Structure formats: structure tokens, C-alpha cells
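Have a look at the structure below, then the notes.
Nothing here was measured: the structure is a model prediction, and the numbers come from that model. Whatever order the structure lists them in is the order used to number ligands and atoms, beginning at 1.
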Amino acid sequence: MPNILLTGGAGYIGSHTAVALLARGHTVTLLDNFANAEREVPDRLAQLTGAEILVVEADIRDVETVATALADQNIDAVIHFAALKAVGESEADPLLYYEMNIVGTIRLFEAMQKAGTKNLVFSSSATVYGQPDASPILENAPTRVQNIYGRTKLVMEDLGADLVRTGFLKGVVNLRYFNPVGAHSSAMIGETPSGVPNNLMPYITQVATGERPYLQVFGNDYDTPDGTGVRDYIHVMDLAEAHALALEYILQTPGALTVNLGTGTGISVLDMIHAFERATGRTIPFKISPRRPGDVASYYANPSLAERLFNWKAKLTVDDMCRDSWRWQARRAGINDV
Ligand SMILES: NC(=O)c1ccc[n+]([C@@H]2O[C@H](COP(=O)([O-])OP(=O)(O)OC[C@H]3O[C@@H](n4cnc5c(N)ncnc54)[C@H](O)[C@@H]3O)[C@@H](O)[C@H]2O)c1
């Protein structure tokens, strides 16, 4: 089975993908600078999977170290998660985002070229669609970048496709994630947002633990069934499984492609609050606030390409997403009655 290197492999999506890859018999090496990951993650992964987890502590911009890791571990493909991901921060410090995401990706490509590694799966984002004309969104919908973070994702997608076209890489899959949520059902790995969460689920779970008094719901006058924003939430283990299948596909089928990863179902903020209450028995107090500038009413994927190419479909339900997010957050907060 192939040897895979995961940049940002100790982070939220990377660590779950490592579990999915190991379950399918791949060998994984995590490369991370631990800027946004807990140091215990590799040990927890080893405990969870029973596998040996190779870890290289390095920045993706360190070409020599990355090239050496690729060559020493005989790496067949890279899954590139390492990036900065906060939209607000990207607008406040564009050069930092160009440096970490775009220059970082160029340095990674240099290292891959040195080591002769020619296949890549790349973490992109549905944010590249900006304000879509309609949902469900297909991969050929226009890209309308609205912030620096989204810009870096689009540039990174294009760089990979250029290197395939010019023969420097064999295969690249750009995976456009919709809204990843949840955690491994063991509650041993999960998302660890620093500061006030930007995303709905970490916010809900922090209200459930009592860390925050209530949830702010931004807008209840959108043109959606209950007036609140609709998004395509996808369980991180479904997302992880899709990476493993995308990787196996690209190793067999050279080329560059871009694929949505979502469930194809839109869930409103109120739906999610009620699902969380149902799945966990906790009450989530909330207050309606004005709409946030730039927020879109409704946003969900057409995931049929992923099904056609990778034979992948999201399987886990909204209740699974709520239950697993809660188990993870409750465990971190020292709450044992879950
Ligand atoms: N979580 C989401 O909602 C979401 C949605 C769409 C796309 N994405 C993309 O998916 C990828 C993974 O996201 P995540 O949620 O797991 O984020 P994360 O912050 O949990 O993981 C990123 C990992 O990369 C590491 N890292 C960052 N910069 C690095 C560098 N220069 N060198 C080495 N390691 C570095 C961090 O320490 C962290 O472990 C990112 O590229 C992100 O933009 C995430």
C-alpha cells in the first residue's frame, strides 16, 4: 500500500484523515509545525489505531527537511492540509496568508520535485465559490473569491493544476470542503479552535459546556425555510474517508481535478441547534442578532462528482455530527456524563 505524507497531519482534518488512511492499510507520516495542533495528537492517534505514527516536526517552507522526509519515507503522495485558515485574520494580514499558504505550497512543491513525489491531494474550500448563484453548487460554478483566505485557496488549486499540465506532477485532486464538523467517535481527537470560535458547531458545544452563555444566531430573515442561514455540514470522518478514496483514485488516474466534498443537504442554524439538543440532551440558549456582512443565505454542495469518481458518499447523520462534537468537547471540559 502507498506511503502517504500529511502536511498539517496533526491538525483537525489531517488527524482524522490519518485514521481513515491507516484503516485502509496505508502508511502515514505526519509533517506539522504544531502551530495549531496539540502535541499529544500523534500519541493519541497511535493509541486509537494501534499503528506506528511517524512524525516530522517541520514547517512546510523548510524545503530540505520536507524533501528528506519525502525521500526517506519513500512517499508516494502528499495530502496537503497545512495552512492558515481564519478568514478574518487573512483580511487583517494578507501577506502572512500569502506567505504561509501560497509560498508554503510553492516550497512544498519544490521539496516534492527534489524527492520525485508526484501526487497530491489538496485541502481547498467551498469558500472559493463566494456568493453562488444557486445551491446545490457544482464544481463548474463560477469562483468568486471574497477574502484573502479564499484567494490563497484558489491560487493553490491553480498552482497544482499548472504543475500537472506541465508534467512536474502526475496527479492533483483539489477537494473543496463544505462545512466540516464532528470528531472521531472515540473523542480522542477533534477540533481545538483557539479563542472565540468562528464556526457554528464549536460555538454550540462551548455553549453546551457553559463556557459561553448563549449562541448568537446571525439573521433570521434570510430567504430560507426558517429564516436562518443554511449550510452543508459534513462529518469529519466522512471527509477523512473521501481523502483516502481521492488519493487511491489519483494514484491510478493521473490528471488534475477539483471535487466538492459535502453531503448535498442544507441544514439551517435552527435545525442544527435542535439536532444538537436532541442528540445530547443539552439545552442551547440562543439570541437572534443582525445578519453578518458577507454571509450567504444558503450554501450546499452537489457532491455527485465525488460519488461518480471515488464511489464516495457521506454516510454520517446530523445526529452523529452533534453527538461526536459533543463527546469531544465534553471530554475536554471534564464533563463525564455523556
Ligand atoms: N476546518 C474547516 O472548516 C476547513 C474548511 C475548508 C478548508 N479547510 C482547509 O483544510 C485544511 C486543514 O484544516 P484544519 O481545520 O484541519 O486546520 P488545522 O489548523 O486544525 O490544521 C492545520 C495544521 O497545519 C499545521 N500547519 C500550519 N501551518 C504550517 C506550516 N507552515 N508548516 C507545517 N505545518 C503547518 C498546523 O499546526 C495544523 O496542525 C486547511 O488547509 C484549511 O484551510 C478547512
key: Residue shell around ligand 1, heavy atom under 4.0 angstrom   = G8, A10, G11, Y12, I13, D32, N33, F34, A35, N36, A37, A58, D59, I60, F81, A82, A83, K85, M100, S123, S124, S125, Y149, K153, Y177, P180
Mutual orientation of the aromatic rings belonging to F276 and W326 [parallel < 30°, tilted 30-60°, perpendicular > 60°] = perpendicular
inquiry  = If you take the centroid of each ring, where Trp contributes its six-membered ring, are H80 and F109 closer together than 6.0 Å?
reply    = no
request  = Indicate yes or no: does E241 engage K315 in a salt bridge with an N to O separation below 4.0 Å.
outcome  = no
task = Please determine if E211 and R332 form a salt bridge, counting it only when a charged side-chain N lies under 4.0 Å from a carboxylate O.
result = no
message = Please verify the inter-ring angle class for Y149 with Y97; under 30° counts as parallel, over 60° as perpendicular, anything in between as tilted.
response = perpendicular
request  = Give the minimum heavy-atom separation between S135 and Y299, together with the two atoms involved.
outcome  = OG-CA, 3.4 Å
